[in-house]
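Scroll down for the structure; my scribbles are underneath it.
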Number of protein chains: 2
Amino acid sequence: MAAPAAEAPGPGGRGPESAAAGRSAGGRGPESALREIRAGAITEPMNTRAGRGGQNPTMDQVAEAAGVSRATVSRVINGAPSVDAKIREMVERAIAETGYVPNVAARSLVTRKSNSVALVISEPDRPYDASFLNRIFTDPYFGRITAGATGALRPHDIHLVIIPTDSTDHHHVLRYLRQGHVDGVLLISSHDEDPLPRQVHDLGIPAVVSARPASPLAASFVDVDQRLGARLAAEHLLARGCRRLATISGPLDMPAGLDRLDGFRSYLANRGYTEVPSVEGDFTRGGGEDCARRLLTDHPDIDGLFVASDLMAEGALRAVQDLGRRVPDDVAVVGFDDSSAALDCRPLLTTIRQPVEEMAAEMAEVLMAHIAAPGRLPRSVTFQPTLVIRESA
Amino acid sequence: MAAPAAEAPGPGGRGPESAAAGRSAGGRGPESALREIRAGAITEPMNTRAGRGGQNPTMDQVAEAAGVSRATVSRVINGAPSVDAKIREMVERAIAETGYVPNVAARSLVTRKSNSVALVISEPDRPYDASFLNRIFTDPYFGRITAGATGALRPHDIHLVIIPTDSTDHHHVLRYLRQGHVDGVLLISSHDEDPLPRQVHDLGIPAVVSARPASPLAASFVDVDQRLGARLAAEHLLARGCRRLATISGPLDMPAGLDRLDGFRSYLANRGYTEVPSVEGDFTRGGGEDCARRLLTDHPDIDGLFVASDLMAEGALRAVQDLGRRVPDDVAVVGFDDSSAALDCRPLLTTIRQPVEEMAAEMAEVLMAHIAAPGRLPRSVTFQPTLVIRESA
DNA sequence: CTGAAAGCGCTTACAG
DNA sequence: CTGAAAGCGCTTACAG
């Protein structure tokens, strides 16, 4: 019998850990945390793949074990229909016995496919540091994007490589893309001035952008109807009797900021509400809190508030209530997103849902179509937002 | 002159978008969001790399352009010291002119290096769905891990591939690792019962685990001294005069849950405090809120609370204050982590800092050492937590 | 349906 | 210091 499959358990750990050596070394951060270094439990050698020092078997070895040619092994692995059932079975047994796994480098050298796509999250204004990544890993939006894209890609056995990037870093990303690490890119870019969508487009590699690019680009994108969402919020606030409306917008250099603000205001303007106070937020919880405080002190009579993201709404709710107003009785609040943050709010947040998971899945589908047929014309897909009524309005 | 480098801008977009076609299609989610599909702006062909249909130039083309052999081009690209300065310069010019970028598949086929490592985030108990990813992309802990690892890897030009996984999915991950996509793995695994650390170890691929594995394993890991952190919290609470202490722990099937609870209790027990109410939380904000409510209704006299994570502490603070208690005067609260959540708290959270970024960077360093020298013995590194005093205690 | 052979684009001993 | 050649582990026309 050949080497066992890798899934076979190695010899279990048995030795107790050796005693701590207790050498302490200086930490690297400002905290200067001390640390001990000690030898780990030594229970087995690093490589246990019997007799082959950790080397994976090669396709030739499988072929030999099965008594066929390498080409045949390749065919059964790739599901070529033309293989005799008996031979296929022999090959499959040989694969199982040897624990064979194809070498991806060799494969993609000839197929020119990597079977993975990049999810590039571009935030041009922030330095590439802990706070940038903190924002990405703290805003539910990106989790939904990842979930949606992964779900759509997985059935096709395509991996997602997540690449956060800021403007100091575009060069690296472009280089990475050109090196053939991935077959295409899902680009999350939300700032008007971000040059990355155009740069990626000019690479000629299949790409789908998360929102309509600020300047026209012959690229596919998927988006939600931002203005309609804002209108839904205005309608609802009006319908429940609010008459002094105000809004906390997102950053105005993002379509998601500007379009929601503009959609809200222009709907109201058409109904005679021309004085609609607004203040520009930053899509963070803390920002929402500050904005609400400012808004309510400048305009104490506000009775309806549209906040352009759930995260900001969470902070706004806190400020409104700190100021002694009841929600929704004194001030009704509508958010935007319907992310998990909406359920962290007290009272539960009434909000405009954008189907982010479905949007990300659609991005992935469109991307796969472009990869499969490189000449395909770009297209855009727009989803509709919906009102989700809970407690805050 | 050869083809322009990819960084050269293509012809700018100029056409206006074509009119929306307005075909609506059924959505896929329960929300049934409608969507429009329309043709994107057609301003230029997908591939603009002049004359070569998007194909990257090959090393042979660079060699020809520079008038040298392919081997020499390879040497200058890989920084071999033995290349004549003039020749090097010619080659570099040829590289710039052709916009050459090495093909990673070809390179790693021979070097057997991918220049990337995986960050596997394993959460065995949850289904691989939106809520699982939502947790990962919402808990500041993972952002800090990513930031720390990225920072350490970047100078070495090594990419991080982030792979969230649950127990239904281990097989895929193991397969991915065996296929040679990465040179090593950083494994974030916090549940006792998680089989993944052992499985990864048995693969024989370089790996570093984020915390001491529950069962002994001859693997390298880095951790924080959990018990010491809990003791720091107890000391501080006692020092500020609290006498009725209680704690909200993490899940008890995680070392981070059990060790913090046990460290807290055993320190107090040695000082005569044998009655220390505790309740098991789940490391989420909502969970912390529920636990605090339960704790305070069952034990109304509690005056000091140690909460095993900042996220839970944020929820606990809300509950404590909802119940009409002042923080810290009636109830003092100490968290654990010193993540960004500590600053989202009102009052600002006093907490036990674990230097997560530095820990992740250390994981990356140790991993790179293992990759460079496969025979290296495993070792563990322990960081010390520190008390960060703010407002809540 | 199967195999022998060429070739994907690099790196790296080995000569010179 | 440089080049000719072998080879990394696959896939895929091309014959048979």
Side-chain angles (χ1 to χ4, degrees), chain A residues 3 52-92 94-95 98-116 157 175 178-181 183, chain B residues 3 52-92 94-95 98-116 157 175 178-181 183:
Chain A
R52 284 177 300 92
Q55 283 288 333
N56 280 328
T58 190
M59 189 177 267
D60 281 309
Q61 296 176 263
V62 176
E64 195 184 331
V68 299
S69 78
R70 195 196 331 160
T72 298
V73 175
S74 176
R75 290 192 187 101
V76 350
I77 285 176
N78 294 300
S82 65
V83 182
D84 181 85
K86 290 172 188 167
I87 293 195
R88 174 186 305 279
E89 197 182 324
M90 289 170 56
V91 171
E92 277 163 355
I95 289 173
T98 54
Y100 174 74
V101 169
N103 175 306
V104 286
R107 169 181 282 175
S108 72
L109 178 57
V110 16
T111 61
R112 298 172 166 292
K113 285 274 172 290
S114 67
N115 285 321
S116 53
D157 229 314
R175 191 182 157 79
R178 291 191 60 208
Q179 292 196 108
H181 282 107
D183 302 327
Chain B
R52 283 177 302 92
Q55 282 289 333
N56 280 329
T58 189
M59 189 177 267
D60 281 308
Q61 294 176 263
V62 176
E64 194 184 333
V68 299
S69 78
R70 196 200 325 163
T72 298
V73 174
S74 175
R75 289 191 188 101
V76 351
I77 285 175
N78 293 301
S82 66
V83 182
D84 180 84
K86 289 170 189 170
I87 292 193
R88 174 184 305 277
E89 198 181 324
M90 290 169 55
V91 171
E92 277 163 354
I95 289 173
T98 54
Y100 173 74
V101 169
N103 174 307
V104 287
R107 170 181 282 176
S108 72
L109 178 56
V110 15
T111 61
R112 299 171 166 292
K113 284 275 172 289
S114 66
N115 284 320
S116 53
D157 232 312
R175 191 182 156 78
R178 291 191 59 207
Q179 292 197 104
H181 282 106
D183 301 328

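All chains are named by letter (A, B, ...) in the order of the sequence lines, taking the proteins before the strands, and each is independently numbered beginning at 1.
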Exercise. Nearest-Å distance, CG (D60(A)) to C1' (dA5(C))?
Worked result: 13 Å

Problem set entry | Atom-to-atom span, CD1 of I87(A) to P of dT2(C) - whole angstrom | 4 Å

Exercise. So with a 6.0 Å cut-off around CD of E64(B), is the heavy-atom count from everything else above 12?
Worked result: no

Exercise. Is the side chain of N78(B) donor-acceptor paired with the backbone N or O of A80(B) at a distance under 3.5 Å, no angle test?
Worked result: no

Exercise. Between dG9(C) atom P and E64(B) atom CD, what is the distance in whole Å?
Worked result: 15 Å

Problem set entry | Among dG3(C), dC1(C), dA4(D), the one nearest D84(A) by side-chain distance | dC1(C)

Exercise. So does T58(B) get a side-chain nitrogen or oxygen closer than 4.0 Å to the phosphate oxygens (OP1/OP2) of dC10(C)?
Worked result: yes

Exercise. Where the side chain of R88(B) meets the backbone of R75(B), is there a donor-acceptor pair that is under 3.5 Å apart?
Worked result: no

Seminar exercise, completed: From NZ of K113(A) across to P of dC8(C) the rounded distance in Å is 17 Å

For this session: Say whether, by atom type as modelled, one donor and one acceptor occur between the side chain of D84(B) and the main chain of K86(B) under 3.5 angstrom.
Result: yes

Problem set entry | For dA13(C), the Watson-Crick or wobble partner whose two distances fall under 3.5 Å | none

Exercise. Base, sugar-phosphate, or nothing: which does V104(B) touch, judged by heavy atoms less than 4.0 Å apart?
Worked result: nothing

For this session: Verify, without hydrogens or angle tests, whether T98(A) (side chain) and P57(A) (backbone) share a donor-acceptor contact under 3.5 angstrom.
Result: no

Exercise. T72(A) side chain N/O closer than 4.0 Å to the phosphate oxygens (OP1, OP2) of dT2(C)?
Worked result: no

For this session: Provide, to the nearest angstrom, the distance between the CD atom belonging to Q179(A) and the P atom belonging to dG9(C).
Result: 15 Å

Problem set entry | Partner nucleotide of dA4(C) by Watson-Crick or wobble geometry (both distances under 3.5 Å) | none

Exercise. Is the shortest side-chain N to carboxylate O distance from D183(A) to K113(A) below 4.0 Å?
Worked result: no

Problem set entry | Distance, rounded to the nearest Å, where M90(A) contributes CE and dC1(C) contributes C1' | 14 Å

For this session: Using atom CG of L109(B) as one end and atom C1' of dA6(D) as the other, report the distance to the nearest whole Å.
Result: 13 Å

For this session: Using a heavy-atom cut-off of under 4.0 Å over every strand shown, decide if S82(B) touches base, sugar-phosphate, or nothing.
Result: base

Exercise. In whole Å, what is the span from the CG atom of N56(B) to the C1' atom of dC8(C)?
Worked result: 14 Å

Problem set entry | Beyond-backbone contact of Q179(B) with N103(A), side-chain heavy atoms, under 4.5 angstrom | no

Exercise. Could you run down nucleotides 11-16 of chain D 5' to 3' and tag each one B, S or - for protein heavy-atom contact under 4.0 Å?
Worked result: BBB---

